[in-house]
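Letters A, B, ... are given to chains in the order of the sequence lines, protein chains preceding strands, and every chain is numbered from 1.
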2 protein chains.
Amino acid sequence: MAEGSGPPGGQALLFLTDEQLRTGIEAMFFAYRGFTADPDRILAEKDYGRAHHRALHFIHRSHGTTVNNLLSILGVTKQSLNRVLRTLIEDGLVESRVGTVDKRERHLFLTETGAALERELSDAQRDRMRAAYRAAGPAAVAGFRQVLEAMMDEDMRRHYLALRDRERG
Amino acid sequence: MAEGSGPPGGQALLFLTDEQLRTGIEAMFFAYRGFTADPDRILAEKDYGRAHHRALHFIHRSHGTTVNNLLSILGVTKQSLNRVLRTLIEDGLVESRVGTVDKRERHLFLTETGAALERELSDAQRDRMRAAYRAAGPAAVAGFRQVLEAMMDEDMRRHYLALRDRERG
DNA sequence: CAAGATACGTCAGCCTTGTTGACATTACCA
DNA sequence: TGGTAATGTCAACAAGGCTGACGTATCTTG
């Protein structure tokens with residue numbers, strides 16, 4: 001599949017060789033470590049983990065989301081999420097309000113302290129992201145997002161697009 | 001930092017707004033799930049985990065690498081790597097040969113069975129990667145890699161570039 | 001050559017975060 | 001009113017990180 005009697009397209013499809021794909025895989029691996037490194041350092045100091053960060057992020061992003069919706073965004077079991085959510089609520093970072101239209105539902109909100117931690121974490125993560133974006137330039141950023149979007153599972157893409165389309169920019 | 005009395009550059013730096021950066025963060029999160037989903041399914045059947053996949057991948061990529069080098073690529077402790085490596089060796093997927101020039105070192109190689117599993121895993125992962133690359137096109141792929149490279153920690157980038165520059169394509 | 005450093009393996013224990021299975025409560029809905 | 005849905009919780013388990021400590025070869029250097 002790689003060299004030699006190449007596929008129709010030849011030079012034009014060079015970015016699809018196994019070598020190129022493998023390098024892309026490694027880029028994802030190494031970049032993801034960088035992506036999580038800064039928030040991880042902050043979280044470690046405060047005895048929280050990456051799971052707490054994810055919950056804070058998406059609750060911030062969707063004020064008043066329900067537990068079920070959060071579960072489906074995060075793609076974990078409710079037992080797993082609950083463990084994290086419980087500590088966040090106990091520690092006063094997240095507030096859970098009974099639904100008004102459907103009282104079985106709980107709507108999740110960040111408290112002031114929760115919002116402060118979320119901001120600290122996402123500031124750190126955005127700083128790196130901003131540096132990377134700036135270094136690569138707008139055209140590269142557009143490509144970056146196109147490839148990532150194409151890489152998602154269908155379900156995740158639905159969630160992603162719903163969030164993405166809130167962008168005002 | 002976002003709208004209003006914008007920074008110098010205005011429209012030209014729109015891709016650096018907090019909203020855009022946040023969406024990039026979410027893209028990384030959702031895409032990484034897709035990125036690992038296919039190999040994870042295969043691994044689950046065979047009672048291996050993502051950690052085994054990573055070891056197989058990098059041993060394949062650098063035949064005869066030493067344990068120390070692998071440690072520094074993976075960025076985990078030797079105890080953590082050893083647990084994984086031990087099972088791979090016991091199961092006959094990896095071979096560990098005493099170094100010839102420095103007998104303290106162990107050089108790691110995939111056996112035929114190890115190479116077969118590595119191929120199965122990376123085929124699955126590459127299939128998704130290929131589909132994403134094809135959907136996005138060569139320009140997007142170039143941008144994708146630029147941003148990821150800029151996102152890495154310095155140490156990881158060194159490892160990445162060393163591997164990347166083996167590309168023959 | 002002796003002493004220290006290096007490469008590796010391993011034991012033990014701990015943590016986070018994922019899983020399954022089971023069960024209870026409350027609330028909606030047909 | 002009975003079934004289903006949304007949530008919370010208990011228990012047990014596994015993967016894969018971590019630290020700390022120790023042992024054994026094997027280099028390397030004074």
Starting from [atom2] on [N], measure out to [atom1] on [X] and report it in whole angstrom.
| X | N | atom1 | atom2 | value |
| --- | --- | --- | --- | --- |
| B/Asp102 | D/dT28 | CG | P | 6 Å |
| A/Ile89 | D/dG8 | CD1 | C1' | 10 Å |
| B/Tyr48 | D/dG16 | OH | P | 12 Å |
| A/Leu70 | D/dA6 | CG | C1' | 14 Å |
| A/Gln79 | D/dT7 | CD | P | 13 Å |
| B/Lys103 | D/dT28 | NZ | C1' | 16 Å |
| A/Leu88 | D/dG8 | CG | C1' | 16 Å |
| B/Leu71 | D/dG17 | CG | P | 12 Å |

Nearest-nucleotide pick for A/Arg104, side chain only, options being D/dA5, D/dG17, C/dT17: D/dA5
Shortest side-chain distance from B/Asn82, nucleotide among C/dC8, C/dG9, D/dG8: C/dG9
5′-ward residue of the pair B/Asn69/A/Arg54 relative to DNA chain C: B/Asn69
Comparing B/Asn68 and A/Leu81 on DNA chain C - which has the more 5′ nearest nucleotide: B/Asn68
Would you say [X] reaches [N]'s phosphate, i.e. side-chain N/O to OP1/OP2 under 4.0 Å?
| X | N | value |
| --- | --- | --- |
| B/Arg106 | C/dT6 | no |
| B/Thr77 | D/dG17 | no |
| B/Arg50 | D/dA14 | no |
| A/Arg86 | D/dT9 | yes |

Between [Y] and [X], is there a salt bridge with N-O shorter than 4.0 Å?
| X | Y | value |
| --- | --- | --- |
| A/Glu112 | A/Arg119 | no |
| A/Glu154 | A/Arg157 | yes |
| B/Asp153 | A/Arg33 | no |

Touch class at under 4.0 angstrom, heavy-atom based, for B/Val101 against every strand present: sugar-phosphate
Sugar-phosphate, base or nothing in reach of A/His52, heavy atoms under 4.0 Å: sugar-phosphate
Check: B/Phe58 ring centroid to A/Phe29 ring centroid under 6.0 Å: yes
Test item: side-chain donor near acceptor, B/Arg145 and A/Gln20, under 3.5 Å: yes
